[in-house]
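Some notes on the structure that comes next.
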Amino acid sequence: MAYSDKVIEHYNNPRNVGSFAKDEPGVGTGVVGAPECGDVMKLQLKISDTGVIEDARFKTFGCGSAIASSSYVTELVKGKHIDEAMAIKNTVIVKELNLPPVKIHCSVLAEDAIKAAITDWRKRKGDDVAADEHPAKSKEA
């Protein structure tokens, strides 16, 4: 299987590898895995009080596509509001990295990791209201 140049670049030179301190304020952590292939991603997002993703770190155990997807996502989410980040679909990752069909599950893990990290951040700050039920998102007049 041939990997795209972007997958190879992110695999050989991954961005934002590492972790934030466990007690660092404003950090949400998402750990997701796919038992069928053995890929496990840990994505941490440092989020401001206003909901802007200031920084991101990842650690991934898995294939080149899983590592590339994690690396790319850390760049993709920085500077975005959590609502924008929650709307990121795996298809954006697939298109950017030109992932082959057999590796699409890696992009799904990355999408899931974003959602899990933001959900964790919300729980840590005491905001366990679902995103689509959040009072600020209400469509009532």
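All values derive from a computational prediction rather than experimental measurement.
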Less than 4.5 Å apart, side chain to side chain, heavy atoms only: is that true for [X] and [Y]?
| X | Y | answer |
| --- | --- | --- |
| Tyr3 | Lys103 | yes |
| Lys125 | Ile47 | no |
| Asn98 | Val7 | no |
| Val73 | Met41 | no |
| Glu9 | Arg15 | yes |
| Val92 | Tyr72 | yes |

Considering residues at least two apart in sequence or located in another chain, which fulfil the side chain to side chain donor-acceptor pair (under 3.5 Å) criterion with Ser4?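 Applying side chain to side chain donor-acceptor pair (under 3.5 Å) to Ser4 gives none.
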
Which atom of [X] lies closest to which atom of [Y], heavy atoms considered:
| X | Y | result |
| --- | --- | --- |
| Lys59 | Ser19 | CE-OG, 3.3 Å |
| Ala116 | Val32 | CB-CG1, 4.3 Å |
| Pro14 | Phe58 | CB-CZ, 3.9 Å |
| Gln44 | Thr29 | NE2-OG1, 3.0 Å |
| Cys106 | Asp39 | SG-OD2, 3.7 Å |
| Ser71 | His10 | OG-ND1, 2.7 Å |

Take atom CG of Asp5 as the centre, draw a 6.0 Å sphere, and report whether it contains more than 12 heavy atoms from other residues, nucleotides or ligands.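 No, the 6.0 Å shell around CG holds no more than 12 heavy atoms from other groups.
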
Quick check: are there more than 12 heavy atoms from other residues, nucleotides or ligands sitting under 6.0 Å from CG of Asn13? yes

Between atom [atom1] of [X] and atom [atom2] of [Y], what is the distance when rounded to the nearest 0.5 Å?
| X | Y | atom1 | atom2 | answer |
| --- | --- | --- | --- | --- |
| Ile82 | Leu45 | CD1 | CG | 10.0 Å |
| Ser107 | Leu97 | OG | CG | 8.5 Å |
| Leu99 | Asn90 | CG | CG | 9.0 Å |
| Asn16 | Lys78 | CG | NZ | 3.5 Å |
| Ile67 | Asn12 | CD1 | CG | 10.0 Å |
| Met86 | Glu111 | CE | CD | 9.5 Å |

Going only through I, L, V, M, F, W and Y residues with side-chain contacts under 4.5 Å, is there a path from Ile88 to Ile118?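 Shared cluster, yes.
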
Are Leu43 and Val17 joined in one hydrophobic group, where the rule is that I, L, V, M, F, W and Y side chains link up if heavy atoms are under 4.5 Å apart?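 Result: yes, single cluster for both.
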
Matching residue for Ser69 among Val108, Thr60, Ile93 - test: side chain to side chain contact (heavy atoms under 4.5 Å, CB included):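 Testing Ser69 for a side chain to side chain contact (heavy atoms under 4.5 Å, CB included) against Val108, Thr60, Ile93 leaves exactly one candidate, Ile93.
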
Electrostatic pair Arg124:Asp23 at N-O distance under 4.0 angstrom: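 A salt bridge is absent here (no side-chain N lies under 4.0 Å from a carboxylate O).
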
Would the distance check show the side chain of His81 and the main-chain N or O of Thr50 forming a donor-acceptor pair, the cut-off being under 3.5 Å?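 Side chain of His81 to backbone of Thr50, a donor-acceptor pair under 3.5 Å: yes, one is there.
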
Hydrophobic cluster mates of Val27, side-chain heavy atoms under 4.5 angstrom, ILVMFWY only, any path?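 Phe20, which link up through side-chain heavy atoms under 4.5 Å apart, make up the rest of the cluster.
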
